[in-house]
There are 2 protein chains.
Amino acid sequence: MTEPTHFTISELAKEFEVTSRTIRFYEEKGLLSPTRNGQHRIYDKADRVRLELILRGKRAGLSLDESREIIDMYAPGSSNERQYRFLLDKVNNKQAQLERQIEDIQQLIVGLEEVRDRCETALKSNKGSSEKYPMPLAYRRIQH
Amino acid sequence: MTEPTHFTISELAKEFEVTSRTIRFYEEKGLLSPTRNGQHRIYDKADRVRLELILRGKRAGLSLDESREIIDMYAPGSSNERQYRFLLDKVNNKQAQLERQIEDIQQLIVGLEEVRDRCETALKSNKGSSEKYPMPLAYRRIQH
DNA sequence: GTTAACGTTGACGTTAACGTAAACTATAGC
DNA sequence: GCTATAGTTTACGTTAACGTCAACGTTAAC
């Protein structure tokens, strides 16, 4: 049983738990461009990878435009020195932005961990009714 | 010069580089509830912190509803054991979700790092025109 | 007292990311 | 030949997160 090399829209839809409409929408927006068999769409492995990346970007909280930007960096076009330098610049900026995003998420997690600690100590004291429950401190050191 | 303790809407707008409309919108959505001096809004430090959290959530790629969820966990309501257990559960779920989100972002970064490496070697070979430039590999190990 | 600066409440407009429904085509199974 | 299944296009609907007026109220300055 060898790996499939081409896919229909509903196969991809099922695999990635999105609707066909969604996949067609991504095509409208220029994020996918499957070939056609007559009027039906046929997706190859590269298309599948692109869809995967789009959805990863979505889970990451990116807009479709942002995901497109990144995917386009993955698949470079022309290749003279100026283009490389330009791409390099975009890559570095994007990476910096993503790293800032990670920091923001980590700060949110720190806040949640404080909440959890307080919950747990409150539960361990075995009378969760008369506890002091001050505001979290996690959001005190903020700069950005 | 002691730290200010209250703020007008435009002060906050300026500090956080959003419009007053945006801040009022957050209030409409129940994310803020400043007091009033007559008809004007007055924001105290707690309000400011909440705004900060909302914007951090935004940078993190969360929707307003998701940010609200998290903020509401920070500021707990009643406190019997059942409530604590329930909150604890929500906190843990949210944390897991945020950590998955971080992983997705990190994968995107890995892809960008590959691109950058190729850019840099291409530039170092000092003739950026005749290089092979295969598709990135970063998105090969994917499970989720 | 009027103009400027700041704030307020509607209310309608806009963009992104799809959902939903209608009307049609093509193929496979009976 | 007919129905079921999968796919297609076209088009209008929806929700989130604001933007953009318009019309109005107040204090502060001149």
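Here the structure is a predicted model, which is why all the values come from computation and not from measurement.
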Taking a pair as Watson-Crick or G-U wobble with both distances under 3.5 Å, which nucleotide is matched to C/dT9?
D/dA22
Nearest listed nucleotide, side chain of B/Q39, among D/dG25, D/dT20, D/dT9:
D/dG25
Side-chain ion pair, B/R48 and B/E3, N-O less than 4.0 Å:
no
Atom CD1 of B/I23 and atom P of D/dC18: how far apart are they, to the nearest Å?
11 Å
Tell me the interatomic distance from A/K14, atom NZ, to D/dA6, atom C1', rounded to whole angstroms.
13 Å
Flag the pair A/E52 and A/R56 as a salt bridge only when some basic side-chain nitrogen lies within less than 4.0 angstrom of an acidic carboxylate oxygen.
no
Short side-chain N/O contact to D/dC18 OP1/OP2 from B/K58, under 4.0 Å:
yes
Using whole Å, report how far CZ of A/R21 lies from P of D/dT10.
12 Å
Listed nucleotide nearest any side-chain atom of B/T22, set D/dT9, C/dG19, D/dG19:
D/dG19
Ignoring backbone atoms, test whether A/S20 places a side-chain nitrogen or oxygen under 4.0 Å from the OP1 or OP2 oxygen of D/dG7.
no
Starting at the 5' end of DNA chain D, which residue's closest nucleotide do you reach first, B/Y26 or A/E11?
A/E11
Between B/E69 (CD) and D/dA16 (P), how many Å, whole number?
14 Å
With respect to the side chain of A/L64, which nucleotide from C/dT8, C/dA17, D/dT20 is positioned closest?
C/dA17
Salt bridge or not for A/D47 and A/R50, using N-O below 4.0 Å?
no
Given D/dG7, C/dT9, D/dC18, which nucleotide is nearest the side-chain atoms of B/R36?
C/dT9
With respect to the side chain of B/T19, which nucleotide from D/dC18, D/dG19, C/dG7 is positioned closest?
D/dG19
With a 4.0 Å cutoff (strictly under), does any side-chain N or O of B/R24 reach OP1 or OP2 of C/dT8?
yes
Closer than 4.0 angstrom, basic N to acidic O: yes or no for A/K124 and A/E120?
no
Among the nucleotides D/dA6, D/dC18, D/dT8, whichever has the atom closest to the side chain of A/I9 is D/dT8
Under a 3.5 Å cut-off for both contacts, is C/dC24 paired Watson-Crick or G-U wobble with anything, and if yes, with which nucleotide?
D/dG7
Minimum-distance nucleotide (side-chain atoms of A/H40 versus D/dG19, C/dT8, D/dT8):
D/dT8
Which of these nucleotides, D/dT8, D/dA17, D/dG25, is closest to any side-chain atom of A/R41?
D/dT8
